[in-house]
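Okay, structure first, notes after.
All figures in this text were calculated on a predicted structure; none of them were measured in a lab. Order of the sequence lines fixes the chain letters, A, B, ..., with proteins taken first and strands second; residue numbering starts at 1 for each chain.
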Number of protein chains: 2
Amino acid sequence: MSDRVVPEPQRRRRRPTKQGVVLSAELIVDTAIRLIGQHGAEALTVRRLGAALGADPSAVYRYFHSTDDLLLAIADELIGRAQHGWQPTGDWRTDLRAIGLRIHASYQAHPQAALLAAHRTTGRTHEIAAVEAILGILRTAGFPDAEAVRVYHAFVDQSLAFAALDAAALALPAPAAAADLQVWQASYARLDAATHPHIAATAHLLTADMRRSGYPYALDLLLDAAGARLRSAGAGHDG
Amino acid sequence: MSDRVVPEPQRRRRRPTKQGVVLSAELIVDTAIRLIGQHGAEALTVRRLGAALGADPSAVYRYFHSTDDLLLAIADELIGRAQHGWQPTGDWRTDLRAIGLRIHASYQAHPQAALLAAHRTTGRTHEIAAVEAILGILRTAGFPDAEAVRVYHAFVDQSLAFAALDAAALALPAPAAAADLQVWQASYARLDAATHPHIAATAHLLTADMRRSGYPYALDLLLDAAGARLRSAGAGHDG
DNA sequence: AGGCTATGTCAAGCGAGTTGACGTAGAGAA
DNA sequence: TTCTCTACGTCAACTCGCTTGACATAGCCT
C-alpha cells in the first residue's frame with residue numbers, strides 16, 4: 001500500500017512521536033545515513049531506523065513507499081554531497097586523478113547506497129556537471145573527440161566499477177568481510193611451492209597488497225596509457 | 001551449527017530425497033545457478049532452492065554451512081567455467097587479455113549470480129588456479145615480484161569490477177535498463193552547446209559509445225601501461 | 001546380518017519488511 | 001473559541017527470509 005505516503009506539498013501536521021521527535025523525510029534520510037556510518041551496513045533496517053528516530057518503525061512508510069524508495073533518496077543525497085568543493089588545476093592528469101579518487105572516496109563513505117547507485121545513469125544535474133567537466137578536461141588536453149569519449153567511458157566506468165566493488169566489500173556482513181580477508185593468509189599463504197610456485201613466491205606481497213583497494217594503481221595505469229595515446233595521436237593539436 | 005556439514009572426503013551415503021533426487025554439492029550449485037539465471041537473483045532463497053532440488057530446504061545445510069558459503073561455491077564455479085578450456089599462448093599480453101575477456105564473459109552469462117559473487121574472495125580451487133596462472137604469466141614475462149603483484153591486483157579487480165558493473169546493467173528490470181540507456185538520447189543529446197559545450201560537441205559519439213561495455217578498452221589501456229612499466233623496469237630480464 | 005551414522009525431514013525460533021485498523025493531535029475555518 | 005477533518009504515529013499481525021535441534025531411516029561397512 002504505497003498510498004500511505006503523502007506527497008511533500010500536501011503535508012500539514014507536524015505531529016511529534018511518543019518520544020517527542022517531529023519527523024520529516026529529510027530527518028529520516030539524514031538519520032539513515034548516520035546509522036550506516038556509525039554501525040555499518042547491516043544497521044540499516046526499518047526497525048532500527050525507527051528506534052534511532054524515536055518512532056515506530058512503520059512511521060517510515062508515511063514518508064517512503066519502501067526501503068528501496070528510501071535508499072534511492074539516500075543515494076540522491078550522496079550525489080549532492082560528493083561534488084562539493086572541487087576545483088580544477090588545469091593539468092588534465094592531476095584533475096582526472098583527483099576526480100577519480102573523489103568519486104571512489106565518496107562512495108566508500110556510504111557503501112550500501114553506493115551499491116545501489118553506482119550502476120545507474122541518472123541524467124540529473126550533478127551527474128551532467130561531472131560528465132561535462134571530465135569531457136572538458138580531456139578535450140582541452142588535446143584528445144581528439146573520438147578518443148576523448150572512449151577515455152571518458154573507460155575512466156568513468158572504471159571509477160564506478162571499483163567504487164561498487166570496494167563498496168560491496170565494505171557493505172558485507174562483518175563475518176563475511178573478515179572471512180574474505182582471512183583467505184589470503186589462511187589459504188593462499190599456505191600453498192605448496194611445488195604445486196603453486198608463483199603464489200608461494202609472492203604470498204607475502206599478496207597478503208599485504210590485497211588488503212588495499214586496487215583502484216589507485218589501476219587509475220594510474222589508465223592515466224599512463226591515456227597519456228601515451230595522447231602523445232602519439234594528438235601530436236600537433238591545439239587545446 | 002556448522003557441524004551439520006560433512007567434508008567431501010567423508011561422505012558415504014547417497015540417500016535419495018522423498019522425491020527421489022540424490023543430492024550433492026555440485027548438483028546444488030548447478031541448480032542454484034540455473035535458478036538465478038531463470039528467475040533473477042531474488043529467486044535464490046533456501047526455500048526455493050529446496051523446492052527446485054526436490055528436497056527439504058534444510059537439506060542444503062548438510063552441504064553448505066550457510067547461504068554465504070553456498071554463494072562462495074557459486075562464485076568459484078563461475079571462475080572455473082571462465083577458465084575452462086583455456087590454453088596459454090606464451091605471449092603475456094595475449095594471454096592476459098584472453099583471461100580478462102573470458103572472466104568478463106563468464107559473468108555476463110549469469111548476470112544475477114555475478115552481482116552476488118563478483119566481489120568475493122573464495123580461496124577455493126578454481127580461484128587458486130586462476131591466481132596461479134595470472135601470476136605465472138606476469139612473472140614469466142619478466143615483471144619483478146612486487147610489480148607483478150600490483151599488476152595482478154589491478155588486473156583482477158578491474159575484470160571483476162567491470163563484470164559486476166556490466167552484470168548490474170543486464171540484471172536491471174527491463175524498464176529501468178531501458179530508461180538508463182534512454183538518458184543519453186533524451187537528456188544528454190539535447191543539452192545546449194552554450195551551457196554544455198563539451199557534451200554537445202561529442203553527443204553523437206557518446207550515445208554510440210555508452211551502449212557498449214567500456215571494459216575491452218579499459219583492459220587495453222591497463223595492458224598498455226603494464227607493458228610500458230615492464231619495458232622501463234625490467235629492461236635486462238630474461239623471460 | 002547388524003550396527004553405526006550420514007543425511008533427509010520436520011517443526012520451531014528469530015528477525016526482516018510490510019500493511020490494515022485505529023485513535024488522536026493539531027491545523028484551518030467559522 | 002470551538003468544531004471538524006484528516007494526517008500520521010502506533011499497534012498487531014502477516015509473510016517470508018535463514019537457521020537449527022530433534023528425530024527417523026537408509027545404506028555402507030564389517
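Judged by distance alone, the side chain of A/Glu132 and the main-chain N or O of B/Ile199 form a donor-acceptor pair under 3.5 Å.
B/Ser58 and B/Asp56 share a donor-acceptor pair across their side chains, judged by distance under 3.5 Å alone.
Where B/Asp68 and B/Pro16 each meet DNA chain D at their nearest nucleotide, the meeting point lying more 5' is that of B/Asp68.
What separates CG of B/Leu23 from C1' of D/dA26 is a distance of 14 Å, to the nearest Å. Between A/Glu42 atom CD and C/dG17 atom C1' there is a gap of 17 Å when expressed in whole angstrom units. As rounded to whole Å, 10 Å separates atom P of C/dT9 from atom OH of B/Tyr63. B/Leu49 places its CG atom 15 Å from the C1' atom of D/dT19, with the value rounded to the nearest Å. Straight-line distance from the NE2 atom of B/His65 to the P atom of D/dT20: 11 Å, rounded to whole Å. Rounded to whole Å, the distance from CG on B/Asp69 to C1' on D/dT19 is 14 Å.
Annotation: ring-ring contact (aromatic ring centres under 6.0 Å, His included) contacts of B/His104 (sequence neighbours excluded): B/Tyr215. Taking the ring-ring contact (aromatic ring centres under 6.0 Å, His included) definition, one finds that A/Tyr188 meets it with A/Trp184, sequence neighbours left out.
Proximity of B/Tyr61 to the phosphate of C/dG8: no side-chain N or O atom is located under 4.0 Å from OP1 or OP2. Note on B/Thr67: a side-chain N or O is less than 4.0 Å away from OP1 or OP2 of D/dT19.
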Give the B/S/- string for nucleotides 10-16 of chain C, one per nucleotide from 5' to 3', where a protein heavy atom under 4.0 Å of the base yields B, of only the sugar-phosphate yields S, and otherwise -. B-----B

Go through it in stages, so that I can follow the logic: the residues are A/Arg4 and A/Asp69, the test is salt bridge (Lys or Arg N to Asp or Glu O under 4.0 Å), and I'd like the CA-CA distance, side-chain angles, deciding distance and then a yes or no. CA-CA 13 Å; A/Arg4 295 172 83 98; A/Asp69 190 19; over 6 Å; no

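A salt bridge links A/Asp30 with A/Arg81: the closest approach of a Lys/Arg side-chain nitrogen to an acidic carboxylate oxygen falls below 4.0 angstrom.
Residue contacts for A/Ala59: at a heavy-atom cut-off of 4.0 Å it reaches a base atom on one of the strands shown.
The base of C/dG8 sits within donor-acceptor range of the side chain of B/Arg62, with an N or O pair under 3.5 Å.
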